[in-house]
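Only this structure's heavy atoms are used, side chains among them; waters, hydrogens and symmetry mates stay out. Computed from a predicted model, the values in this text were never measured in an experiment.
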Amino acid sequence: MDDDGDDIFMRSWTGTIIGPANTVHDGRIYQLKLFCDKDYPDKPPSVRFHSKINMTCVNQQTGVVESKSFSLLGKWKREYTMEDILVELKREMAAPQNKKLSQPPEGSTF
């Protein structure tokens, strides 16, 4: 959803992911910001969690999803969508390296 009424180019978006079942993320609601600069869709949007989360692809100080650790951004293709990013992040939450990581208190933000 476009979250900035003055954003006539529709570059700033808010996304929501509900944590996958049978993981430490189960039922948690995570908010993210996606920003598409002038090169989108040729280049990926920047993605930053507003909700604190402990995942191997997320910078723990800033909440930024790091493209070197998140292959969908690192190997971006023009046909990928913001929905693809959210779906892949949810899948990443359930991956073995992330599904049991201890998490910050629910509701904490960057």
For the backbone of Ser102 and the side chain of Asn54, can you confirm whether one donor and one acceptor N or O come within less than 3.5 Å of each other?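 Yes: the side chain of Asn54 pairs with the backbone of Ser102.
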
Test side-chain contact (heavy atoms from CB on, under 4.5 Å) applied to Asp37 - qualifying residues, sequence neighbours left out: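 If we apply the side-chain contact (heavy atoms from CB on, under 4.5 Å) test to Asp37, skipping adjacent residues, the hits are Phe35, Asp39.
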
Not counting sequence neighbours, which residues clear side-chain contact (heavy atoms from CB on, under 4.5 Å) with Glu88? List them please.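 With sequence neighbours excluded, Glu88 shows a side-chain contact (heavy atoms from CB on, under 4.5 Å) to Phe70, Leu72, Arg91, given in chain and number order.
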
Linking Ile, Leu, Val, Met, Phe, Trp and Tyr by side-chain heavy atoms under 4.5 Å, what else ends up with Ile29?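 Answer for Ile29: Ile18.
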
Could you note down all residue pairs passing ring pair (Phe, Tyr, Trp, His ring centres under 6.0 Å) where residues 78-110 supplies at least one of them, sequence neighbours left out?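 Non-adjacent pairs meeting ring pair (Phe, Tyr, Trp, His ring centres under 6.0 Å): Trp76-Tyr80.
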
Between Val47 and Leu89, does a side chain to side chain contact (heavy atoms under 4.5 Å, CB included) hold up when you go through it step by step? CA-CA 10 Å; Val47 182; Leu89 281 169; 4.2 Å; yes

In Å and rounded to the nearest 0.5 Å, what is the CD to SG distance from Glu92 to Cys57?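 That separation rounds to 5.0 Å.
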
Does the ring centre of His50 sit less than 6.0 Å away from the ring centre of Tyr30?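 No - the distance between ring centres of Tyr30 and His50 does not fall below the 6.0 Å cut-off.
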
So, using side-chain hydrogen bond (donor to acceptor under 3.5 Å, both in side chains) as the criterion, who are the partners of Lys38 when residues are at least two apart?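 Partners of Lys38 under the side-chain hydrogen bond (donor to acceptor under 3.5 Å, both in side chains) test: none.
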
Holding to side-chain hydrogen bond (donor to acceptor under 3.5 Å, both in side chains), I want the full list of residues that pass it with Thr16, two or more places apart in sequence or in another chain.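 Only Gln31 meet the side-chain hydrogen bond (donor to acceptor under 3.5 Å, both in side chains) criterion with Thr16.
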
Less than 4.0 angstrom from a charged side-chain N to a carboxylate O is my criterion; do Lys68 and Glu66 meet it?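 Salt bridge between Lys68 and Glu66, a charged N being under 4.0 Å from a carboxylate O: yes.
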
If you measure only the distance, is there a donor-acceptor pair under 3.5 Å linking the side chains of Thr81 and Asp84?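 Side-chain D/A pair, Thr81 to Asp84: present.
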
